[in-house]
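Single-structure report; data block below.
Atoms considered below: every heavy atom in the structure, side chains included; atoms not considered: hydrogens, waters and symmetry mates.
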Amino acid sequence: MAEVKLLGTLPSPFVYRVIWALKLKGVPFEFVEEDVFSNEKSALLLKYNPVHKKIPVLVHGEKPVCDSMVILEYIEEMWPQSPLMPNDPYDRALARFWIKFGEDKGVAVWKMFHSNQDEESRMKEILEMLQTIEEHGIGEKKIFHGDKIGSLDIAFGSMLYWLQILEDIVGVKLFDSHKFPGLHAWFENFKKAPVIEENLPDREGISLFFKRRRENLLAPA
C-alpha cells in the first residue's frame, strides 16, 4: 500500500475533515504538522501545493491532492470501503448540493471572526444559513448519510464545531438549540459517533489558538 501523508495544522477544521474521513475508512496515515502562519512556507508544502500553498494536502504515493472536499472525494474513490456518499445517484446529488451550500454560505463564519466590520450582517447570514439547513436540509435525520457518517456530515460537523468555538471568542450565540433543535440534535449525534468522538479536536487548545489569532487580526496596524 502506497504511503499516505497528511500535511496540515490541527486547529484547522478543513484538516479535521480529512482526518475524520481517513479514520472512518480505516486508512493509516502520517500527519505532518505545518506552520501555516509562518512567513516562509515549508519546502514540503511548496512542493505538494505550489498553486495555493495551503493546507490540507493529502499525499498518496507522492501524488498530492489539495482542498478538503476534493480530498474527501479522492478518499471515497480510492478506498471504497465504508462509503462516505450514498449509493443512489439522486441522494449523492443531494449530498453534493448541501456540501456546496455549506461551503458557499459557511464563509460568513470566518468573515465574522476575521473582522468587527459588518458584524450584524455576517451574523444574519449565518443565522439564515442555519435556518435553511434546519428547515430543508436535516429534517428528522439523525445522520445525513442514513445511519453512518458520510461526507456531508463531515462537512457540516466541522463547520458547526468551529462555529461554536468562534462564537465564544467573538461573544455571540447563534447556533442555539432552541432555535435549531433538529440541527442541534444531529450535531450531538455526529459527535457521539465512535470514530468522531475518539478523534474530536482539543477544544480548549483550539479556542486559545483562535483567541490569539483574533487579537492579532484586530490589533491596530
Review point. Should we say atom NZ of Lys179 is surrounded by more than 12 heavy atoms from elsewhere, each under 6.0 Å from it?
Key: no
Check your understanding: Do the non-hydrogen side-chain atoms of Phe14 and Lys54 ever get within less than 4.5 Å of each other?
Key -> no
Review point. Is any side-chain heavy atom of Val195 less than 4.5 Å from a side-chain heavy atom of Ile149?
Key: no
Review point. Can you list the steps and then say if Val15 with Glu33 is a side-chain contact (heavy atoms from CB on, under 4.5 Å)?
Key: CA-CA 11 Å; Val15 169; Glu33 181 77 30; over 6 Å; no
Point to revise | Side-chain heavy atoms of Ser115 within contact of Lys111, under 4.5 Å | key: no
Review point. Hey, is Arg122 close enough to Glu119 for a salt bridge, meaning N to O under 4.0 Å?
Key: no
Check your understanding: Would Ile55 end up clustered with Leu46 when hydrophobic side chains under 4.5 Å apart are linked, directly or stepwise?
Key -> no
Exercise for review: Could you tell me whether the side chain of Val32 reaches within less than 4.5 Å of the side chain of Tyr48, counting heavy atoms only?
Suggested key: no
Review point. Is it the case that one hydrophobic cluster holds both Leu94 and Ile133, taking links as side-chain heavy atoms less than 4.5 Å apart, direct or via other members?
Key: no
**Study point:** Evaluation steps, side-chain contact (heavy atoms from CB on, under 4.5 Å), between Trp79 and His60
**Key:** CA-CA 12 Å; Trp79 297 283; His60 181 213; 3.7 Å; yes
Check your understanding: Is there a donor-acceptor pair closer than 3.5 Å between any side-chain N or O of His114 and the backbone N or O of Trp110?
Key -> yes
Exercise for review: Run the ring-centre check on Trp162 versus Phe113 and record whether the distance is less than 6.0 Å.
Suggested key: no
**Study point:** Gap separating the CD1 atom of Ile126 from the NZ atom of Lys124, nearest 0.5 angstrom
**Key:** 13.0 Å
**Study point:** Sole residue of Glu103, Lys105, Met129 in side-chain contact (heavy atoms from CB on, under 4.5 Å) with Met159
**Key:** Met129
Exercise for review: Using a strict cut-off of less than 4.0 Å between a Lys/Arg side-chain nitrogen and an Asp/Glu carboxylate oxygen, indicate whether Lys41 and Glu34 qualify as a salt bridge.
Suggested key: no
Exercise for review: Enter the distance from Asp67:CG to Glu73:CD here, rounded to the nearest 0.5 Å.
Suggested key: 8.5 Å
Review point. With distance as the sole test, does Lys192 use its side chain to make a donor-acceptor pair with the main-chain N or O of Glu197 at under 3.5 Å?
Key: no
Practice item. Would you mind checking if Glu76 and Arg96 are paired as a salt bridge, meaning a charged N to carboxylate O distance below 4.0 Å? Key: no
Exercise for review: Show the numbers, then the answer: is there a side-chain contact (heavy atoms from CB on, under 4.5 Å) between Phe156 and Phe190?
Suggested key: CA-CA 10 Å; Phe156 280 173; Phe190 171 80; over 6 Å; no
Point to revise | Leu44 and Val59, any side-chain heavy atoms less than 4.5 Å apart | key: no
Exercise for review: Compare every heavy atom of Ile196 with every heavy atom of Trp20, then report the nearest pair and how far apart it is.
Suggested key: CG-CD1, 3.7 Å
Point to revise | Closest heavy-atom pair and its distance - Ile99, Ala155 | key: CG1-CB, 4.4 Å
**Study point:** Backbone N/O of Leu174 and side chain of Glu167: donor-acceptor pair under 3.5 Å
**Key:** yes
Check your understanding: Less than 4.5 Å apart, any side-chain heavy atom of Ser42 and any of Lys47?
Key -> no
Practice item. Return the orientation label for the Phe101 and Trp98 ring planes: parallel under 30°, perpendicular over 60°, tilted otherwise. Key: perpendicular
Check your understanding: Do Phe210 and Leu208 belong to the same hydrophobic cluster, where Ile, Leu, Val, Met, Phe, Trp and Tyr are linked whenever their side-chain heavy atoms lie under 4.5 Å apart, directly or via other members?
Key -> no
Review point. Can you check whether Pro50's main-chain N or O pairs, donor with acceptor, with Lys53's side chain at less than 3.5 Å?
Key: yes
**Study point:** Pair Arg214-Val170, side-chain contact (heavy atoms from CB on, under 4.5 Å): steps then yes or no
**Key:** CA-CA 9 Å; Arg214 183 168 164 86; Val170 175; 4.0 Å; yes
Review point. Measuring from Ser151:OG to Met69:CE, what's the distance to the nearest 0.5 Å?
Key: 5.0 Å
Check your understanding: If Ile, Leu, Val, Met, Phe, Trp and Tyr residues are connected whenever their side-chain heavy atoms lie under 4.5 Å apart, and connections chain through other members, are Val70 and Leu58 in the same group?
Key -> yes
Point to revise | Pairwise distance CG(Leu22) to CZ(Phe31) - rounded to 0.5 angstrom | key: 11.0 Å
Study note, to complete from the structure: Looking only at heavy atoms, the pair that brings Ile165 and Ser207 closest together is CG2-CA, 3.8 Å
**Study point:** Neighbour count >12 (heavy atoms, 6.0 Å) for atom CZ, Arg212
**Key:** no
Check your understanding: Would a 4.5 Å heavy-atom cut-off, applied to side chains only, mark Tyr16 and Leu10 as touching?
Key -> yes
**Study point:** Considering all heavy atoms, the nearest Asn49-His52 contact
**Key:** OD1-N, 3.3 Å
**Study point:** Closest non-hydrogen atom pair between Asp168 and Arg203, with its separation
**Key:** OD2-NH2, 3.3 Å
Review point. Do Leu6 and Glu30 come close enough that some side-chain heavy atom pair is under 4.5 Å?
Key: no
Revision key, fill the gap. What one should report as the nearest heavy-atom pair of Arg17 and Ser158 is NE-OG, 2.9 Å
Review point. Could you give the distance from CG (Leu130) to CG (Leu163), rounded to the nearest 0.5 Å?
Key: 6.5 Å
Check your understanding: Counting heavy atoms not belonging to Glu40, are there more than 12 under 6.0 Å from its CD?
Key -> no
Point to revise | Within one Ile-Leu-Val-Met-Phe-Trp-Tyr cluster: Leu200 and Ile206, side-chain cutoff 4.5 Å | key: yes
**Study point:** Distance in Å, Phe29 CZ paired with Ile19 CD1, rounded so as to fall on 0.5 Å steps
**Key:** 5.0 Å
Review point. Hey, is the main chain of Pro201 close enough, under 3.5 Å, to the side chain of Tyr161 for a donor-acceptor pair?
Key: yes
